[in-house]
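Encoded as structure tokens, the structure appears first; notes follow it.
Order of appearance sets the numbers: ligands from 1, and atoms from 1 within every ligand. The figures that follow rest on heavy atoms only: side chains count, while hydrogens, waters and symmetry mates do not. Each residue takes its place number in the sequence, starting with 1.
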Amino acid sequence: MASALEAHGASLYEPLGGGKVRCTACARYCAIPDGSHGFCFVRKNEGGRLVLLTYGLASAVQVDPVEKKPLSHYRPGTRVYSIGTVGCNWRCLYCQNAEISQEHEVRGRPLSPRAAVAGARRYGCSGVTFTYNEPTIFAEYALDVIQEAHAAGLFANFVTNGYMSPEAVDLIGPHLDAVSVDFKGSGEAGFLRKYITAKGPEPIWETAAGLQRHGVHVEVTDLIVPSVGESVEATRTLARYVRDTLGPETPFHLLRFHPDYRMMDLPETPIPTLEKLHAVAKGEGLDYVYLGNVWGHPLEHTYCPECGAVAVRRYGFTIQAWNLDRENRCRACGHRIPIVGRPPSDYLPTFATPV
Ligand code: SF4
């Protein structure tokens, strides 16, 4: 299905001469001859002009808790209108959304920026999220949705692999409210080359720091693939980067791998492996380290770094207890926990204690 919006001109590119253009949206910087696509398949050179084929075409739309992104320290307990398109600038062999991210056919249902925001409001969402595939490749569409969302009083966040260009960071950063940057396999270069088709972690580091400089709330995730993508040294290196560049209060999520796509032969990440890496990250001085995709595990909770009390009790994406005062200070010792916002007053999920 195509829409009247499909030939929307891209802004992130530059002419190279001879009809060629260079896309400047992500760290691949594809040089694209006339009539061809970039690596992500959705940015095409049409007569020396780069167009975004997926502008206004949503492959997936869903209402999610913000905790699913995962964002644990930004507007907790709110719902977000999640939007994905097709294509990606990475080729993760275990992608959980391969049917859309590795799609080479431009498809989706029309969703203009105005319609996206109307949908978000209709479902009681407080924000819009760009997720499921890499939003950098449709940055121009995302930016238009974000501006519409802000006009309606909604926040906006990216779930990104961080493989952005500095140009994209500077285009999107001033408008984005929050981001979760996903370092896979702790960003170890050999893992990225073999399982992701990315050259190395440097662009991801620069994206996280660049977005933070623009005032964006940053959380870091690290998906741990058992045996091939688990390394104490790599996790330590990443934790040090987060501590020294983004700050020790940056939430750091270690996520459990599930077999998917072309890596069905590996098991889920053993929980002791995640616990070991959690201890490594904590040992490097990070205050808020979480385990993800391990429902019911005590390391889903937020612990006060000062007194060790459970500040926020969680079960999966649900907040079960909120032990912070009106200024988000620990009720036990008064230490301020850097969480932006607090659950809405009508937040009463099943089996939760009153907030
Ligand atoms: S977004 Fe990245 S992968 Fe896609 S065309 Fe641009 S540089 Fe290439």
### Task
Mind telling me whether Tyr94 and Phe257 have parallel, tilted or perpendicular rings, with 30° and 60° as the class edges?
perpendicular
### Message
Using 30° and 60° as the class boundaries, would you call the ring planes of Tyr241 and Trp205 parallel, tilted or perpendicular?
### Response
parallel
Side-chain donor-acceptor distances from residues 193-201 under 3.5 Å, at least two apart:
none

### Message
Just to be sure I understand the site: which N, O or S atoms from the protein are less than 2.8 Å away from atom 8 (Fe) of ligand 1?
### Response
Cys30 SG
### Query
Do the rings of His8 and Tyr55 sit parallel, tilted or perpendicular, given the 30° and 60° boundaries?
parallel
### Task
Report the distance from atom OG1 of Thr207 to atom CE of Met164, rounding to the nearest 0.5 Å.
6.0 Å
### Task
Name the orientation class of the two ring planes belonging to His217 and Tyr74 (parallel below 30°, tilted from 30 to 60°, perpendicular beyond 60°).
tilted
